[in-house]
Structures are given as C-alpha cells and as structure tokens.
**Student:** 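So that we are looking at the same thing, I have put the structure below in structure tokens.
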2 protein chains.
Amino acid sequence: MRRDIFQAIADPTRRAIIALIALQPMTPNAIAENFHTTRQAVSKHLRMLTECDLVKQEYQGREIYYSLEIEKMKEIDQWLDQYRKIWESRFNQLDQVLSTLKKQKK
Amino acid sequence: MRRDIFQAIADPTRRAIIALIALQPMTPNAIAENFHTTRQAVSKHLRMLTECDLVKQEYQGREIYYSLEIEKMKEIDQWLDQYRKIWESRFNQLDQVLSTLKKQKK
DNA sequence: TATATTTGCAACCGATTAGTTTCTTAATTA
DNA sequence: TAATTAAGAAACTAATCGGTTGCAAATATA
C-alpha cells in the first residue's frame, strides 16, 4: 500500500478531516458527525492519516482524540519549494521589465 | 472522474513528470524516455495533468511540447497557507517562551 | 506517392480505493 | 453486574487507477 502524504491529501474527505482536527483534537465520532459517511469510513481515513504520521492519537479512557501533526505538513511545503523558486524568479523578471519601462518613461 | 490538483500530484510518476517539464518544455516521447513505462502511460498522465490545468501544450508540427503551468502550483501553496499560519504561530509561541527565559536569566 | 514518425484514443486487466455492514473489544454507567 | 457507548477490524462491493496492447490520424521524409 502506498502511504505517503501526497496520497493522504488526495482525498477531499481526508483534507476536510485535516482541516477539522487542525483546530482542536477530536474523537472519531465527533469527526464523523461532520460528514455524510459512517464512523467506520472516517476511522479508515484516520488510520491512513495516522500511518503516514499526519495525525497523532491521544487515548483518554475509551475515547481517542485525534489531532494534526503540523510538522508533517511542512513536507508539502518543502516539496513546493522547488516550484516556489520558479514562480518567484518569474515574478522578479516581470519586476525588472516593469522598472525598466518606468526608467524609459523618465 | 475526480480531477483536481491534489489528485494530480498524488502519483509519484506524475510528480516526476512535473519536475521534468518544470525545467523545459518536452514532448511525450522525450518524457517517456525517463521512465520505465510506455509512452501511452505517460500520455495518460499528461492528459490528466492538462485536464486540471497543471500543464499546457504547445503544438509544433506533429510534436507537442508540454510545459508546467506554474501558476496552478500556487493553489497548493494557498491551501497550505492555513496550516502555515498554525506552524508559524507555534514557532512564535516557542520564540516567546525562549525570550522570556532569557529575560529571567538576566 | 509510399513510408516512417509522433501522438492520442479505446479497450482491456489487475490492484487499489472509499465506502458499506457486521462483529469484537474495552471502558463507562445505571 | 448488566447495559450502553466508543472505537477498531474484517469481509465485501462498486468504482477508479495505472498500466498494457492495438489502432487511427496527422505530419514529416524518402
């Protein structure tokens, strides 16, 4: 089974779960109330998110609180970095063109 | 068929294609040479990437040059923004704790 | 004009996915 | 202690995915 962060965020329900538990830790039941699926389906998503370290569990009696492992999200940011460099350099090129045009006007 | 940018970057081959054509426009044949799959499989990936506007085509005779639509990559960056806020605020909180400790030492 | 090259599309195949229902385990509460 | 509640695991299903082979269309070249 492929189990990386890019696979994890590919599913819209999982992205919604991530957004929910980013705000505060939640139990599977509480999370499932926000979706039109069964608790078991949410549980499977949580399992996958846990397996790729995007989410951590905290046991409290028979309840389990899930919360976002924000550090893991940085991996996406790091991957994006190579492309950020590209769009920033393009922006700078545009900036140069604009300032050259400005100088010519003067 | 689901066809959004998060689905598009979920596959490792597609991420590799994106990285390749970010550097310079390439034809499907040239791209396929870099992978252990058929040209047709690459073609299917390119079709999907094109359908969600991550890639643009430029026709040149019977050849088609594919290149990255860097603007589209910003969408991931924008989605990440909500989480970037979280990890930056946590960092600031840590920063505050550290500076408080420093003051107490003095 | 005949042949070769570049490409996309359709049909098919096995594996994976996202969901369901059913069941078990463990903790709480009446 | 018995009933209830929270959660995960297993088995199943329909749909999708990533890949293949075979084909057709369009362009380039001999």
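Letters go in sequence order (proteins before strands), and every chain restarts at 1.
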**Student:** Calculate the interatomic distance between A:Phe35 atom CZ and C:dT20 atom C1'; express it in whole Å.
**Tutor:**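 Rounded to the whole Å, the gap is 17 Å.
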**Student:** Verify the cluster assignment for A:Tyr65 and B:Ile86: are they in a single hydrophobic cluster under the rule of side-chain heavy atoms below 4.5 Å apart?
**Tutor:**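 Different clusters: A:Tyr65 never reaches B:Ile86 through Ile, Leu, Val, Met, Phe, Trp or Tyr contacts under 4.5 Å.
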**Student:** Are side-chain heavy atoms of B:Gln57 and B:Thr50 found at a separation under 4.5 Å?
**Tutor:**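 A side-chain contact exists here, since the closest heavy-atom pair is under 4.5 Å.
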**Student:** On DNA chain C, nearest-nucleotide positions of A:Ala41 versus A:Gln60: which is more 5'?
**Tutor:**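 That would be A:Ala41.
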**Student:** Base, backbone or nothing for each nucleotide of nucleotides 2-8 of chain C, written B, S, -, heavy atoms under 4.0 angstrom, 5' to 3'?
**Tutor:** --BBSBB
**Student:** Round to a whole Å and report the spacing from CG of B:Leu49 to C1' of D:dC17.
**Tutor:**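 Taking CG of B:Leu49 and C1' of D:dC17, I get 14 Å after rounding.
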**Student:** Starting from C1' on D:dG19, measure out to CD1 on B:Ile17 and report it in whole angstrom.
**Tutor:**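 Rounded to whole Å, this separation is 13 Å.
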**Student:** Just list the side-chain donor-acceptor pairs under 3.5 Å for residues 14-36 of chain B, sequence neighbours left out, or say none.
**Tutor:**
unit_1	atom_1	unit_2	atom_2	d
B:Arg14	NE	B:Ala8	O	2.7
B:Arg14	NH1	B:His45	ND1	3.1
B:Arg14	NH2	B:Gln7	O	3.2
B:Arg15	NH1	B:Ile9	O	2.7
B:Arg15	NH1	B:Ala10	O	3.2
B:Thr27	OG1	B:Ala30	N	3.3
B:Asn34	ND2	B:Ala30	O	2.9
B:Asn34	ND2	B:Ile31	O	3.3

**Student:** If I take atom CD in residue A:Glu51 and atom P in nucleotide D:dG8, what distance separates them, rounded to the nearest angstrom?
**Tutor:**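 Roughly 12 Å, once rounded to whole Å.
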**Student:** Please list, chain by chain and in numerical order, all residues satisfying ring-ring contact (aromatic ring centres under 6.0 Å, His included) with B:Tyr83, sequence neighbours excluded.
**Tutor:**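 ring-ring contact (aromatic ring centres under 6.0 Å, His included) check on B:Tyr83 returns B:Trp79.
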**Student:** Is any side-chain nitrogen or oxygen of A:Thr13 closer than 4.0 Å to OP1 or OP2 of C:dG19?
**Tutor:**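 For A:Thr13, the contact criterion (side-chain N or O under 4.0 Å from OP1 or OP2 of C:dG19) is met.
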**Student:** Would A:Leu80 end up clustered with B:Ile5 when hydrophobic side chains under 4.5 Å apart are linked, directly or stepwise?
**Tutor:**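 Same cluster.
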**Student:** Among the nucleotides C:dT21, C:dA18, D:dT21, which one has an atom lying closest to any side-chain atom of B:Thr38?
**Tutor:**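 Looking only at side-chain atoms, B:Thr38 lies closest to D:dT21.
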**Student:** Scan residues 38-50 of chain B for pairs that pass salt bridge (Lys or Arg N to Asp or Glu O under 4.0 Å), counting only residues two or more places apart or in two chains.
**Tutor:**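 Residue pairs with at least one partner in residues 38-50 of chain B: B:Arg47-B:Glu51.
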**Student:** Send over the distance from A:Arg15 CZ to C:dA18 P, rounded to a whole Å.
**Tutor:**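 Interatomic distance, CZ of A:Arg15 to P of C:dA18: 11 Å.
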**Student:** How many Å lie between CE on A:Met48 and P on C:dT17, as a whole number?
**Tutor:**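 Rounding to the nearest Å, CE of A:Met48 and P of C:dT17 are 7 Å apart.
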**Student:** Check the distance between D:dC17's P and B:Lys44's NZ and give it to me in whole angstrom.
**Tutor:**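 Rounded to the whole Å, the gap is 10 Å.
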**Student:** Would you say A:His36 reaches C:dG19's phosphate, i.e. side-chain N/O to OP1/OP2 under 4.0 Å?
**Tutor:**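 So the side chain of A:His36 is outside the cut-off, no N or O lying under 4.0 Å from OP1 or OP2 of C:dG19.
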**Student:** At less than 4.0 Å, is any side-chain N or O atom of A:His45 found next to OP1 or OP2 of C:dG19? Yes or no.
**Tutor:**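 Result: yes.
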**Student:** Sequence neighbours excluded and cut-off under 3.5 Å, please list the side-chain donor-acceptor pairs for residues 67-77 of chain B, or say none.
**Tutor:**
unit_1	atom_1	unit_2	atom_2	d
B:Glu71	OE2	B:Lys74	NZ	3.2
B:Lys72	NZ	B:Glu75	OE2	2.9
B:Asp77	OD1	A:Arg84	NH2	2.7
B:Asp77	OD1	B:Arg84	NH2	2.9

**Student:** Quick one: B:Asp4 CG to D:dT16 P, roughly how many Å, whole number?
**Tutor:**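 In whole Å, D:dT16 P lies 14 Å from B:Asp4 CG.
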